[in-house]
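Working notes, beginning with the structure itself.
Letters go in sequence order (proteins before strands), and every chain restarts at 1.
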Number of protein chains: 2
Amino acid sequence: MALKDYPQPSVTVDIIIFSLKEKKLQVLLVKRDKEPFKGKWALPGGFVRIDESLEEAAKRELHEETGIKEVYLEQLYTFGGLKRDPRGRVITVGYFALISSEDIEKIKLRASADVSDVRWFSMQKLPELSFDHDKILAYALKRLKWKFEYTTVAFSFLPKKFTLTQLQEIYEIVLNKELDKRNFRKKILSLGILKTTKEKKKDVSHRPPELYTFTGRIGEIVEIISKIGS
Amino acid sequence: MALKDYPQPSVTVDIIIFSLKEKKLQVLLVKRDKEPFKGKWALPGGFVRIDESLEEAAKRELHEETGIKEVYLEQLYTFGGLKRDPRGRVITVGYFALISSEDIEKIKLRASADVSDVRWFSMQKLPELSFDHDKILAYALKRLKWKFEYTTVAFSFLPKKFTLTQLQEIYEIVLNKELDKRNFRKKILSLGILKTTKEKKKDVSHRPPELYTFTGRIGEIVEIISKIGS
DNA sequence: TATTATAGTGTATCTTTTACAATATTTAAA
DNA sequence: TTTAAATATTGTAAAAGATACACTATAATA
């Protein structure tokens, strides 16, 4: 059987780009400039080219919309239902990316081919989405929470040097619950994945907090959170 | 842009079918009857048809080789490297399936199109595999172990009624370590996912063990194993 | 009835998690 | 210079969960 003996599905990648801006979990969406779903918001994505791997395709999409290249990127799931695209049979491989607060500053969002607008949306105020992107996004959120509890992905949201309060804050935002400060610190420090720089954060008008760096591997499995406090 | 404006990758599913036979973890492989890799062993799989979802394709492949339909089936990962298939650009979506000891008896393995032989291989004695199937299989094994520690997938290997010793045995095989009997039972029973039938296993020539049934949802996340004993 | 083979059970110790509030350090204002 | 404001930092006792460890129970069979 040759590869082209019968009709084949098309393949796209869609990428869920999360960041924490203004103490909220946000996702990057693009406004479609072509049918189908012209004028509607969607996850950034596009067809996989014949000469690029899936991950390369995801990175290319990420770069096209944001201009950045080095981020945490992970394959999420492959969605292959028959009716997900009105144009025909399209299978999409979802990826999710986490952007650090450092990179967020640098990013210049830019529309690209077939896209008339790009912007961040708070996960609490999402617009109606194209295709099955609402399901894909819901799945990504579930995975993100899980990853926060069981791995070290959280650090991909932080700059190189950060305070324990900043770390706790992002946990509280993503897990959507308050954590006890003493227990959180005890637990995190006991994991042996942080090293104190001896510097202190300088631009605050109160007791300056100590800065730490992460010494583990991002995404490594570590049981971070049991329940921790209230 | 129309769907066919430029060359698209082909899409296959490959399925990792695990079972426990003769107290060993085994995987079902097929012997390829066509190029590429003619005469070599490979994971069962094939092209996704235009009119079937990914999961349907995986179920079809499963059914073609084994004749069974109802098993635990889960999407594993999508492998999309450029050089994984010498025929050209082929993306494959991996699925893994777990077959219960009940079903194992019923199965009649059967060769199908492009397949000259089908058989179970112990994970300890694998043949050389085609394509990147060695990597896919290694990934599947890692996932299986993880699922045993954190979810209830283990029960998909067991018949409806089973003894605690049988349950412990499959944990020991898959995790490849001995567990303490008292701690294992204490932990499993404390999860509240088992119900005792009042029957006892009858065909043994010693004290007959009690039979239990699983009352949870297969695959549900539950922290089964901390470390449990030696 | 004695043997064989596996089923079934309890407890003390250690580790981890939880709940909970006072002191320390800096800047800025009085 | 002192005081107020803001956030950082720290400890402990109780509860829950994990671990290590060995003997008794029950049925079939010799």
Exercise. Taking NZ from B:Lys202 and P from D:dT29, how many angstroms apart are they, rounded to a whole number?
Worked result: 12 Å
Exercise. Is A:Glu169 paired with A:Lys23 through a side-chain N to carboxylate O contact shorter than 4.0 Å?
Worked result: yes
For this session: Could you pick out which residue, A:Lys200 or B:His206, lies toward the 5' side of DNA chain D when each is mapped onto its nearest nucleotide?
Result: A:Lys200
Exercise. Under 4.0 Å between a Lys/Arg side-chain N and an Asp/Glu carboxylate O for B:Asp203 and B:Lys201?
Worked result: yes
Problem set entry | Rounded distance in Å - CZ (B:Arg185) to C1' (C:dT11) | 18 Å
For this session: Specify the separation, in whole Å, of atom CG of B:Leu191 and atom C1' of D:dG17.
Result: 12 Å
For this session: Quickly work out the B:Gln166 CD to C:dT6 C1' distance and round it to whole Å.
Result: 13 Å
Problem set entry | Stepwise side chain to side chain contact (heavy atoms under 4.5 Å, CB included) test for A:Phe18 and A:Val174 | CA-CA 11 Å; A:Phe18 285 121; A:Val174 171; over 6 Å; no
Problem set entry | Atom-to-atom span, CD of A:Glu210 to P of D:dT7 - whole angstrom | 19 Å
For this session: Take the angle between the ring planes of A:Tyr150 and B:Tyr150 and call it parallel below 30°, perpendicular above 60°, tilted in between.
Result: perpendicular
Seminar exercise, completed: A:Arg182 CZ to C:dT23 C1', in whole Å, measures 12 Å
Problem set entry | Any N/O donor-acceptor pair, A:Arg207 side-chain to C:dA24 base, under 3.5 Å | yes
Exercise. Over how many whole Å does the gap from A:Leu211 atom CG to D:dT9 atom C1' extend?
Worked result: 15 Å
For this session: Have a look at A:Thr165 and say if it touches a base, only the backbone sugar-phosphate, or nothing, with a 4.0 Å heavy-atom cut-off.
Result: sugar-phosphate
Exercise. Base, sugar-phosphate alone, or nothing: which one does A:Lys186 contact when heavy atoms must sit under 4.0 Å apart?
Worked result: base
Problem set entry | Pair B:Arg60 + B:Glu64: basic N to acidic O under 4.0 Å | yes
Problem set entry | B:Lys181, nearest nucleotide to its side chain (from D:dT26, D:dT29, C:dT9) | C:dT9
Exercise. B:Phe184 has an atom CZ; how far is it from atom P of D:dA22, in whole Å?
Worked result: 21 Å
Exercise. C:dG10, D:dA27, D:dA8: which one has an atom nearest the side-chain heavy atoms of B:Asn183?
Worked result: C:dG10
